[in-house]
There are 2 protein chains.
Amino acid sequence: MTVTLADVAARAGVSAATVSRVLNGNYPVATATRSRVLRAVDELEYVVNGPASSLAAASSDLVGVLVNDIADPFFGIIAGAVQDTIGPVTETPGHGRKLAVICNTGGSPERELTYLTLLQRQRAAAVVLTGSGTEDPAHQDALATRLRRLSAGGVRVVLCGRPAPSSGDATSGRGVATRAGSNGAAHTGGPGYGEPDDGDGTARPVTVPLDNEGGARALTEHLLALGHRRIGYLAGPDHRSTTRHRLAGHRAALADAGLEPPPERLVLHGPFDRDTGYSGALRLLEEEPGLTAIAAANDTVALGVCAALRDRGLRVPEDVSVTGFDDLPFAADVAPGLTTVRLPLREAGTAAGRVALGLEDPKDGLVPATPARLVARDSTAAPRA
Amino acid sequence: MTVTLADVAARAGVSAATVSRVLNGNYPVATATRSRVLRAVDELEYVVNGPASSLAAASSDLVGVLVNDIADPFFGIIAGAVQDTIGPVTETPGHGRKLAVICNTGGSPERELTYLTLLQRQRAAAVVLTGSGTEDPAHQDALATRLRRLSAGGVRVVLCGRPAPSSGDATSGRGVATRAGSNGAAHTGGPGYGEPDDGDGTARPVTVPLDNEGGARALTEHLLALGHRRIGYLAGPDHRSTTRHRLAGHRAALADAGLEPPPERLVLHGPFDRDTGYSGALRLLEEEPGLTAIAAANDTVALGVCAALRDRGLRVPEDVSVTGFDDLPFAADVAPGLTTVRLPLREAGTAAGRVALGLEDPKDGLVPATPARLVARDSTAAPRA
DNA sequence: AACGGCGTAGAAAGCGCTTACCATCCTTGC
DNA sequence: GCAAGGATGGTAAGCGCTTTCTACGCCGTT
């Protein structure tokens with residue numbers, strides 16, 4: 001029924017080995033033979049059997065990309081860039097036949113693990129983890145283990161915009177483990193997975209950093225410079241690295257300005273969606289009617305904040321300033337234009353893709369970071385006197 | 001190095017066949033044996049070799065999802081829904097281990113074909129094509145051929161929000177072929193691929209319709225009802241099914257109202273991005289200063305339109321009304337709220353996923369359509385008297 | 001003229017799994 | 001108490017490809 005290598009070989013009057021060699025181009029084949037084979041391939045409309053070659057060659061053309069929410073342009077942009085890099089466009093010989101498998105974890109650590117297993121099972125060539133990671137010790141441990149196993153199996157692991165999971169490494173006793181919470185040292189890939197040389201020469205995971213902390217700091221500094229002192233902060237979901245890093249930047253800016261850390265009631269957590277912004281803003285306003293600015297975890301959240309303020313009859317930025325994060329495409333076009341921070345998402349995705357292809361392999365496991373850039377638009381202004 | 005079926009078998013004191021049967025659960029195995037095997041799997045941390053089983057079983061767990069632009073939430077939502085449906089969550093026995101491969105075509109027909117070949121090569125279980133298709137006859141032919149070949153190979157083909165490509169079927173002489181352009185008959189899966197029974201019992205592609213035409217018609221009717229008569233139309237990219245269907249709806253509404261078809265200069269084409277909206281609006285305003293409304297191909301385009309109008313000092317909706325399409329999440333939160341049409345994207349993605357899994361198979365190859373719903377917000381109002 | 005090399009191509013041994021097709025063994029029915 | 005039959009489990013033949021090892025010419029050397 002289906003055409004196989006052998007059929008092509010027969011038609012071209014050569015052996016299957018030769019056909020394989022022509023198709024993979026990693027062995028000298030005389031030009032005449034080659035074209036004869038190619039013609040046969042064409043005439044028979046032969047299509048390689050991927051599973052068979054993956055089995056024989058013990059490797060596959062799949063690259064897994066894990067995202068929290070594919071419907072969120074934040075991830076769409078990263079995933080798109082990864083795919084553009086490894087996809088069929090790239091005509092780096094040997095590459096370009098790779099397929100990106102985008103996996104939607106919905107932010108669930110369990111699903112993340114499940115997908116990782118599924119990818120391991122498919123013998124994926126590489127795995128890219130994007131977005132924020134949980135900071136729950138148990139899950140970090142499980143994740144670290146899984147990733148270690150993947151690396152051991154020759155799967156390249158890339159962490160895009162998230163730190164390497166730390167693990168309470170079983171072999172070195174228990175105890176010291178997972179210390180999450182402090183600021184700073186964001187993407188240096190803490191203790192645990194990645195740190196100690198595993199002995200055999202398995203590749204270590206590579207981190208493509210995203211400067212969440214610096215971006216958040218810049219945003220808060222901007223607000224402070226405008227004269228704001230009572231700032232509400234709508235952080236992302238709790239126990240997530242991104243949330244913590246952005247919050248850390250916010251706090252750092254306050255500290256640098258010699259101000260008190262923000263009171264608990266002015267820091268609310270919630271998912272990265274418009275409702276968090278909408279209800280969060282209302283709540284913040286209740287807690288602190290004198291609020292002059294609200295920093296949102298995200299552009300989408302910021303949009304919800306603006307809607308809430310509008311519904312409350314407050315003007316942006318005259319009554320309350322609002323900031324976002326990510327600089328998604330719509331941020332420039334909403335009214336007023338959203339002051340936010342532009343994260344180099346495409347660049348990060350491209351870098352992640354290159355690492356996944358093995359085109360790049362920073363010796364310290366860290367791709368140099370492109371800094372986040374403050375984009376001041378019209379949603380922020382000095383508070384009314 | 002890596003653990004194989006045989007290792008597990010040895011450890012459990014059974015044959016490889018038994019282990020395979022336990023893992024696939026499609027053959028009776030005594031409970032005691034089963035748990036012994038499961039324990040061995042656990043202890044050895046065994047992970048199935050996907051390629052090997054795909055080869056042996058002549059089928060794989062991959063489902064391809066082709067999208068035009070993964071960074072566009074329109075596709076993100078659909079793709080996410082597809083994935084949620086076929087992904088590891090679904091615990092329909094036998095399913096749930098499937099992986100969605102999201103492929104970003106960038107709207108390029110060539111890439112679309114390349115991906116389709118890649119998927120065929122991976123022996124994907126199903127392929128879902130989303131978004132608008134080209135209406136270029138040559139590409140439609142190529143696409144039809146490729147899809148026919150996929151179906152013949154047992155790959156389930158699902159068209160989500162796009163018509164089946166028509167082909168100037170080579171066997172029936174040349175000539176009649178591709179008649180694109182007329183309105184109506186949107187998703188009925190025209191002539192060409194899909195229509196005639198191919199003889200052997202290969203599955204026919206299933207279409208999950210999206211009511212682009214009806215939505216566009218509703219939007220224009222809304223505008224007409226408000227009293228608008230000079231309406232500019234910013235259509236999507238030329239020669240794409242979605243563009244044509246939406247435009248057809250617009251025209252139909254005009255015709256129903258007994259009005260002239262829109263003059264050429266008031267219908268501009270461009271990609272589905274904010275720039276098309278921005279520059280398109282400016283251009284439209286030049287062409288027809290008396291314009292009272294602009295219908296955009298898309299919410300994103302509409303956002304660009306609003307930005308341009310604002311920059312021109314025109315108010316929405318007082319001076320010019322604006323409509324979008326898709327009702328992406330941000331449409332509700334921008335100011336003024338965007339009047340648009342809500343397309344049941346999640347529903348469509350879910351349906352596509354179910355068909356891809358073979359859970360559903362409408363006999364006429366057409367999943368019943370959920371209608372598009374007009375969402376009137378504040379970006380439209382009666383024109384000034 | 002004989003020989004080592006190089007450039008090509010073929011033979012064949014798997015890769016790790018699935019799945020007929022059998023071989024047991026323990027029930028049952030009578 | 002014995003044969004028939006169901007319930008389990010094993011055997012082994014591939015699935016279609018890659019790749020090592022080998023074979024064969026033909027060339028340039030010495």
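Order of the sequence lines fixes the chain letters, A, B, ..., with proteins taken first and strands second; residue numbering starts at 1 for each chain. The figures here come from the full heavy-atom set of this structure, side chains too, leaving out hydrogens, waters and symmetry mates.
Between the CD atom of B:Q122 and the C1' atom of D:dG16 there is a distance of 14 Å, given to the nearest Å. Nucleotide D:dT22 holds its C1' atom 10 Å from the OH atom of A:Y27, rounded to whole Å. In this structure, A:L55 places its CG atom 9 Å from C1' of D:dG16, rounding to the nearest Å. Here the C1' atom of nucleotide D:dT18 and the CZ atom of B:R121 are 13 Å apart, to the nearest Å. Between the C1' atom of D:dT19 and the CG atom of A:N24 lies a distance of 11 Å, rounded to the nearest Å. Following rounding to the nearest Å, A:R34 (CZ) and C:dG7 (P) show an atom-to-atom distance of 15 Å.
Proximity note for A:A30 (side chain, C-beta onward) versus C:dT8, D:dG10, D:dG14: the nearest is C:dT8. Here C:dT18 is the nucleotide among C:dT18, D:dG10, D:dT18 with the atom lying nearest to any side-chain atom of B:S53. The side chain of B:T2 has C:dG16 as its nearest neighbour among C:dG16, C:dG10, D:dG16. Among D:dT8, C:dG10, D:dA12, the nucleotide with an atom closest to any side-chain atom of A:A17 is C:dG10. For B:A56, the listed nucleotide lying nearest its side chain is C:dT18; candidates were C:dA11, D:dG9, C:dT18. In the set C:dT18, D:dT19, C:dA9, C:dA9 carries the atom at the smallest distance from any side-chain atom of A:V29.
Across all non-hydrogen atoms, the minimal contact from A:G349 to A:T85 is O-OG1, 4.4 Å.
OP1 and OP2 of C:dC15 both lie 4.0 Å or more from every side-chain N or O belonging to A:S54. Distances shorter than 4.0 Å separate some side-chain N or O of A:S15 from OP1 or OP2 on C:dG10.
Of the N and O atoms on the side chains of B:E110 and B:H139, at least one donor lies less than 3.5 Å from an acceptor on the other residue. Defined by atom type and a distance below 3.5 Å, a donor-acceptor pair is present between the side-chain atoms of A:T117 and A:R146.
Annotation: side chain of A:V63 is not in contact with side chain of A:V101 (no heavy-atom distance under 4.5 Å).
Using modelled atom types, one side-chain atom of A:T105 and one backbone atom of A:V67 make a donor-acceptor pair closer than 3.5 Å.
Evaluation of atom-type donor-acceptor distances gives a pair under 3.5 Å for the side chain of B:R21 against the base of D:dG10.
Between B:R36 and A:L23, the one whose closest nucleotide on DNA chain D sits nearer the 5' end is B:R36.
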